[in-house]
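Numbers for residues simply follow the sequence, beginning at 1.
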Amino acid sequence: NLEYNLEQKELQLEQSKFEPPATIRQIELELDKAKRELTQKKENYIIEEHQAEAKMIEVGANLKKQIKYKEGLEELQRKFVIMAPKSGMIVYYKEWGGSKRKVGSTIDPWNSVVATLPDLSIMLSKTYINEVDIRKVKVDQEVNISLDAFPKAKLKGKVTEVANVGEKRANSDSKVFEVIIEVTESDSTYRPGMTTSNNISTYTENDVLIIPLECVFSNDQSKFVYRKDGGSIKKIEVVLGRENSEEVIVKQGLNEGDKLLMIEPENSEDLELVSQNESS
């Protein structure tokens with residue numbers, strides 16, 4: 001538009017050569033103004049063009065930065081897809097409060113474990129022994145293990161670790177000691193997290209006579225049992241050996257096959273105690 005306006009002013013000046021000098025001078029001034037405006041606009045255009053190029057360079061640099069940032073996020077996202085190194089059972093890591101890690105859990109840099117692949121060929125059973133009985137438990141003692149979910153499944157194990165310091169457990173007034181048992185047999189029925197019943201063999205004695213503790217009675221002088229002899233009942237003094245929570249070894253006073261009472265008879269005070277000297 002400015003170039004077209006300039007061309008018009010030049011044409012007017014050419015046609016005004018027969019006009020008065022004042023008119024010619026006015027047209028010359030307008031022509032000079034049109035030339036200055038055109039020159040100024042061209043200079044401004046060059047400046048704006050350079051500014052636009054600089055802005056494009058800045059936008060391009062910012063674009064590259066955003067692309068790099070996006071690629072970094074995509075790479076980070078790919079790293080959040082955790083692939084197990086081999087096939088097996090997944091056990092999710094438990095937080096300090098006991099809850100499993102799941103969607104929404106916070107993963108700390110110093111503890112980035114999400115899940116583990118347990119080695120099912122080596123299984124451990126954790127149990128707790130009362131402070132009264134812990135002195136009987138030693139490393140390498142044999143253990144008979146049964147699964148609460150599958151009572152018929154019987155496994156063998158051995159004690160591998162006995163805690164030195166006791167701890168308080170919920171719903172228990174006394175202190176208990178943690179004992180770790182290694183399962184020495186493999187079975188397809190047991191899985192991590194199952195509840196087990198552990199029978200630790202703390203002492204073994206062969207070829208002995210064992211009776212239930214409920215059969216043993218005592219007074220201030222001796223221990224005795226009530227033995228059925230045909231239709232009668234005899235009060236027999238016995239010499240006992242070691243015992244556990246359910247049974248006791250009888251060293252003297254009884255023979256294999258003797259039938260014993262687990263409840264005192266009504267006439268127990270009338271029965272005469274047969275001592276070891278008499279029974280022998």
Please check if atom [atom1] in [X] has more than 12 non-hydrogen atoms from other residues, nucleotides or ligands closer than 6.0 Å.
X	atom1	value
E58	CD	no
Q40	CD	no
K154	NZ	yes
N44	CG	yes
E266	CD	no
N1	CG	no
E246	CD	no
L76	CG	yes

Identify whether the distance between the nearest side-chain nitrogen and carboxylate oxygen of [X] and [Y] falls below 4.0 Å.
X	Y	answer
E75	R78	yes
K175	E131	no
K70	E74	yes

About how many Å separate [atom2] of [Y] and [atom1] of [X], when rounded to the nearest 0.5 Å?
X	Y	atom1	atom2	result
T127	I129	OG1	CD1	4.5 Å
T39	K35	OG1	NZ	9.0 Å
T202	R242	OG1	CZ	6.5 Å
Y4	K9	OH	NZ	11.5 Å
L63	K68	CG	NZ	13.5 Å
N255	R227	CG	CZ	7.5 Å

Following the transitive rule for hydrophobic clusters with a side-chain heavy-atom cut-off under 4.5 Å over Ile, Leu, Val, Met, Phe, Trp and Tyr, establish whether [X] and [Y] coincide in one cluster.
X	Y	value
L213	V238	yes
V176	I180	no
V274	V216	yes
F150	I145	yes
M262	I249	no

Exercise. Partners of D133 by salt bridge (Lys or Arg N to Asp or Glu O under 4.0 Å), sequence neighbours excluded?
Worked result: K136

Exercise. Passes side chain to side chain contact (heavy atoms under 4.5 Å, CB included), E3 versus K42? Steps please.
Worked result: CA-CA 11 Å; E3 288 177 348; K42 286 183 178 181; 3.9 Å; yes

Distance-minimising heavy-atom pair for [X] and [Y]:
X	Y	value
N5	A34	ND2-CB, 4.2 Å
I181	T160	N-OG1, 4.3 Å
Y226	S268	OH-CB, 3.2 Å
S201	N144	OG-ND2, 4.5 Å
E167	E178	OE2-CB, 4.2 Å
K138	V162	C-CG2, 4.4 Å

Within the 4.5 Å heavy-atom criterion, are [X] and [Y] side-chain neighbours or not?
X	Y	value
L260	L254	yes
K94	K100	yes
I47	Q51	yes
V132	S174	no
L31	L6	yes
V183	L124	no

Exercise. For S222 and L273, what are the C-alpha separation, side-chain angles and deciding distance, and is it a side chain to side chain contact (heavy atoms under 4.5 Å, CB included)?
Worked result: CA-CA 10 Å; S222 60; L273 178 66; 3.4 Å; yes

Exercise. Which ILVMFWY residues are connected to Y203, directly or by a chain of links, through side-chain heavy atoms under 4.5 Å apart?
Worked result: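 Members alongside Y203: none; it stands by itself.
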
Exercise. Which other residues belong to the hydrophobic cluster containing Y93, where Ile, Leu, Val, Met, Phe, Trp and Tyr are joined when side-chain heavy atoms lie under 4.5 Å apart, directly or via other members?
Worked result: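 Grouped by the 4.5 Å side-chain rule, V113 form the rest of the cluster around Y93.
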
Please answer whether the main-chain N or O of [Y] pairs with a side-chain N or O of [X] as donor and acceptor at a distance below 3.5 Å.
X	Y	value
E19	I24	no
T184	K156	yes
S99	E95	no

Problem set entry | Step-by-step salt bridge (Lys or Arg N to Asp or Glu O under 4.0 Å) determination, E28 to R25 | CA-CA 5 Å; E28 288 177 346; R25 181 58 183 166; 3.5 Å; yes

For this session: Run through K235, K259, K234 and flag the one making a salt bridge (Lys or Arg N to Asp or Glu O under 4.0 Å) with D229.
Result: K234

